[in-house]
Amino acid sequence: MATLLPPPKRQKSNYAKSLEKPTAPEPEIPIPSIVVQFKSSEDGSNLGPAINLPADTGRDALQMLVNKLRGETEDPLPYAFHLQPKTSTSTTPQSARVQINNSIDADALKAKGRTFSPEDVFELWCEPQAVFRVRSVGRCSATLTGHSSPILCCAHSPTGKYAATGSGDATARIWDMETETPKWTLSGHKGWVLCVEWDSREKILATGGHDGQVRLWSPQTGQAHGQPLLGHTKWITSLAFEPLHLVKSNSPSPRLATASKDGTVRIWNTSTRTLEFVLTGHAASVNVVRWGGENVIYTGSSDRTVKVWSGVDGKLIRTLNEHAHWVNTMALSTDFVLRTGPFDHTGKVPKDDEEAKTMALERYKNVITTHPETLITGSDDHTLFLWPDQASSSFSTTATPKKPIARLTGHQKQVNHVAFSPDGRMVASAGFDNAVKIWEGKTGKFIASLRGHVAAVYRVAWSADSRMLVSASKDTTLKLWNLKTYKIRIDLPGHTDEVYCVDFVADKVVSGGRDKSVKM
């Protein structure tokens, strides 16, 4: 016989409670008031006079103050704040500084082992987040026809100079984004072109087709780089180039990883067009492949697993199996930096490959100092998983890398696409439940749901300053979202049928869909 639990204790009635002696309230700890001097981390200058604030002033209020002091009330810039310990010289490591995430009270005064006292003058260093702003997209500036069947994929080149689209008419096209005209038509595939990918130097465009071929093209001439890469027995689902800063100095161009429906991932040397190694081990179609900045290759598959491989020799590092259904999509917090390589918003062009490599490495290092490369995967089981840093450096930490940081639930139907914002702070996921959801990039906490589409959302793309998000949907529209209010900023209609793909680089959005036309 099952053990019965004793009945729950009877609650005291209000009358009985009123007879008890009132308990003395906890003495409230007075919140100290502190003197804060804002300093600009760019040139070390003081921003305005020192200000007397309560210590529990939140980060948003601090941002507002800094913007007021700088006179930028119209268009406030976001800031990150940190304190330097007193004894610090300019050579102390980055970790010695105290990052202010909630308030000075919580992060500096109450934290263990801190040397701050309420009597100090707090020198609060302010780092502006994305200094540049991306102009808002307002109208459709060009509609380019040319493909004779639906456009299945599109990608901007790293500098935003070109866009490439792949279509069901077995061709890919390169469009010149500055003049908004067609540049090259790349024909050669025998089936639909399912994916296009640029390398981060803008020298190679790779296309993968339904015919199982991968072809490499030169965007300067529009000619093919030699023969197609053959070897996959079924169609290509995803392409990923090796990040620029990992490219060996003796090889002129990065390696390429191609994932296919046949369950394998092949790594090609793009300069000699030879196969380097094959990653086998997935039991079903590999839907997505990503090449991380720590030289690990991530693959997500229809066999419900995500596998992490070494990019050096192709050994399996580990398998992450938490999803209950196909893994459709995957994003790295460093995706944007790896994709744009040496090109940032200043528009400097590197002189040679070596300089490009150092610039790319420096940009990558800047991103991972604040938080390491994390992976997020989305699946047909309606959930997303946020995984810790999977590269070998993370073994020292206590967290086991096989356990996800967070399970992000909230989508009511399959998750179709997920993307990290360029600064790695937020994640956007799109699902068949007509919603786009925004999550915190570090913790996976839910932030907001962007409602407005009336049919499945296929794709999302972030602006380079992480302030805007554009989503493409089956309902024939693109929507540009304002991430301060989480409301629609602008509706971008114009397509006459489902929009399958969208990409956002510089201040241009390029989209393509079932109506066979490309819009910018």
Side-chain angles (χ1 to χ4, degrees), residues 137 140 147 149-156 163-168 172 192-197 208 210 235-239 259 261 285 287-288 290 300 302 325-331 335 376-384 408 410-421 427-439 449-463 468-481 488 490-505 509-520:
V137 179
C140 173
H147 281 298
S149 71
I151 293 163
L152 306 173
C153 51
C154 64
H156 262 108
T165 55
S167 159
W192 304 339
V193 181
L194 298 175
C195 40
V196 289
E197 187 71 48
H210 199 273
W235 61 88
I236 310 293
T237 53
S238 172
L239 305 165
K261 180 81 167 83
S285 156
N287 295 331
V288 55
R290 282 276 188 271
S302 292
H325 209 309
W326 301 349
V327 180
N328 288 332
T329 170
M330 160 160 74
D335 266 349
I376 187 159
T377 55
S379 153
D380 266 11
D381 62 4
H382 315 347
T383 64
L384 301 110
L408 317 186
H411 279 291
Q412 271 108 38
K413 291 192 181 151
Q414 290 90 328
V415 179
N416 198 34
H417 189 217
V418 60
F420 262 99
S421 65
V427 178
S429 60
F432 280 171
D433 56 356
N434 314 353
V436 178
K437 292 190 187 294
I438 306 286
W439 318 81
S449 200
L450 309 180
R451 295 243 165 228
H453 281 297
V454 293
V457 186
Y458 289 144
R459 288 266 153 201
V460 289
W462 288 88
S463 67
M468 288 181 287
L469 179 74
V470 64
S471 55
S473 160
K474 181 177 173 170
D475 64 10
T476 76
T477 64
L478 298 158
K479 293 195 191 317
L480 189 70
W481 304 90
I488 293 183
I490 303 176
D491 200 4
L492 306 171
H495 280 288
T496 54
D497 210 332
E498 310 182 6
V499 188
Y500 288 142
C501 59
V502 62
D503 203 356
F504 197 148
V505 166
V509 171
V510 64
S511 62
R514 195 159 150 190
D515 60 359
K516 314 185 186 57
S517 61
V518 179
K519 287 186 184 286
M520 308 181 178

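Heavy-atom basis, side chains included; hydrogens, waters and symmetry copies ignored.
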> Would you say the side chains of Trp192 and Ser167 form a donor-acceptor pair under 3.5 Å?
no

> Grab the two heavy atoms, one from His325 and one from Asp381, that are nearest each other, plus how far apart they are.
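The answer is CB-N, 3.5 Å.
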
> May I ask you to decide if Val460's main-chain N or O and His417's side chain share a donor-acceptor pair within less than 3.5 Å?
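Side chain of His417 to backbone of Val460: a pair is present.
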
> With sequence neighbours left out, write down each residue that passes side-chain contact (heavy atoms from CB on, under 4.5 Å) with Thr496, or none if nothing qualifies.
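side-chain contact (heavy atoms from CB on, under 4.5 Å) list for Thr496, sorted by chain: Asp515.
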
> Does either side chain, that of Thr383 or that of His411, offer a donor lying less than 3.5 Å from an acceptor on the other one?
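Thr383 vs His411: no donor-acceptor pair found between side chains.
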
> For the residue pair Phe432 and Ala456, what are the closest heavy atoms and their distance?
CD2-CB, 3.5 Å

> Testing the basics here: between Val436 and Ala428, what is the closest heavy-atom pair and its distance to 0.1 Å?
CG1-CB, 4.5 Å

> Return the set of residues passing side-chain hydrogen bond (donor to acceptor under 3.5 Å, both in side chains) with Thr476 (not counting sequence neighbours), or none when no residue passes.
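Listed in chain order: nothing, the list is empty.
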
> Who are the side-chain hydrogen bond (donor to acceptor under 3.5 Å, both in side chains) partners of His210, not counting sequence neighbours?
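Per chain and number, His210 pairs via side-chain hydrogen bond (donor to acceptor under 3.5 Å, both in side chains) with no residue.
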
> Just by distance, no angles: are the side chains of Asn287 and Thr329 close enough, under 3.5 Å, to form a donor-acceptor pair?
no

> For the residue pair Leu469 and Leu480, establish whether any side-chain heavy-atom pair is separated by less than 4.5 Å.
no

> Restricting to non-hydrogen atoms, name the atom on Thr237 and the atom on Ser285 that form the minimum distance, rounded to 0.1 Å.
CG2-OG, 4.2 Å

> Show, in sequence, the C-alpha distance, side-chain angles and deciding distance for Ile236 and Leu194, and conclude whether the side chain to side chain contact (heavy atoms under 4.5 Å, CB included) test is met.
CA-CA 7 Å; Ile236 310 293; Leu194 298 175; 5.6 Å; no

> Would you indicate whether the side-chain heavy atoms of Val427 and Ile438 approach each other to under 4.5 Å?
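When only atoms from C-beta onward are counted, Val427 and Ile438 do not touch, as no gap falls below 4.5 Å.
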
> In Å and rounded to the nearest 0.5 Å, what is the NE2 to CD distance from His382 to Gln412?
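Reported to 0.5 Å precision, the distance equals 8.5 Å.
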
> Any side-chain heavy-atom pair from Leu478 and Asp491 closer than 4.5 angstrom?
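Not in contact.
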
> For Lys474, look at atom NZ and say whether over 12 heavy atoms of other residues, nucleotides or ligands are found less than 6.0 Å away.
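Open: at most 12 neighbouring heavy atoms sit under 6.0 Å from NZ of Lys474.
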
> Minimum heavy-atom separation for Ser429 to Trp439, with atom names?
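Looking at all heavy atoms of both residues, the closest pair is OG-NE1, 2.9 Å.
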
> When you measure from the side chain of Thr377 to the backbone of Met330, do you find a donor-acceptor pair of N or O atoms at a distance under 3.5 Å?
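A pair under 3.5 Å: no.
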
> Under 3.5 Å, is there a donor-acceptor pair between the side chain of His453 and the main chain of Arg451?
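Not a single qualifying donor-acceptor pair exists.
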
> Suppose we screen for salt bridge (Lys or Arg N to Asp or Glu O under 4.0 Å). Which residues come up paired with Asp433, at least two apart in sequence or across chains?
none

> Out of curiosity, Lys261 NZ to Ser238 OG, how far, rounded to the nearest 0.5 Å?
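The OG atom of Ser238 is 14.5 Å from NZ of Lys261, to the nearest 0.5 Å.
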
> Just by modelled atom types, is the Gly431 backbone N or O under 3.5 Å from a matching donor or acceptor in the Asn416 side chain?
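Checked: no pair found.
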
> Compute whether any side-chain donor of one residue and acceptor of the other, for Ser449 and Lys437, lie under 3.5 angstrom apart.
yes

> Taking only residues two or more places apart in sequence or in another chain, which ones pass ring pair (Phe, Tyr, Trp, His ring centres under 6.0 Å) with Tyr458?
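If we apply the ring pair (Phe, Tyr, Trp, His ring centres under 6.0 Å) test to Tyr458, skipping adjacent residues, the hits are Tyr500.
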
> Taking all non-hydrogen atoms of both residues, which atom of Ser149 and which atom of Gly168 are closest, and how far apart?
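Ser149 and Gly168 have their closest heavy atoms at OG-C, 2.7 Å.
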
> Would you kindly say whether Trp481 and Ser471 are connected by a side-chain donor-acceptor distance under 3.5 Å?
yes

> Kindly write out the residues that satisfy ring pair (Phe, Tyr, Trp, His ring centres under 6.0 Å) with Trp462, not counting sequence neighbours, or none if the list is empty.
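Listed in chain order: nothing, the list is empty.
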
> Given 3.5 Å as the limit, does a donor-acceptor pair link the side chain of Thr477 with the main chain of Lys479, or not?
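No: the side chain of Thr477 does not pair with the backbone of Lys479.
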
> Measure the CG-OG distance between Asn434 and Ser473 for me, rounded to the nearest 0.5 Å.
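That separation rounds to 7.0 Å.
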
> Please check: side-chain N/O of Ser511 versus main-chain N/O of Cys501, any donor-acceptor pairing under 3.5 Å?
no

> Show, in sequence, the C-alpha distance, side-chain angles and deciding distance for Leu239 and Val196, and conclude whether the side chain to side chain contact (heavy atoms under 4.5 Å, CB included) test is met.
CA-CA 7 Å; Leu239 305 165; Val196 289; 5.8 Å; no

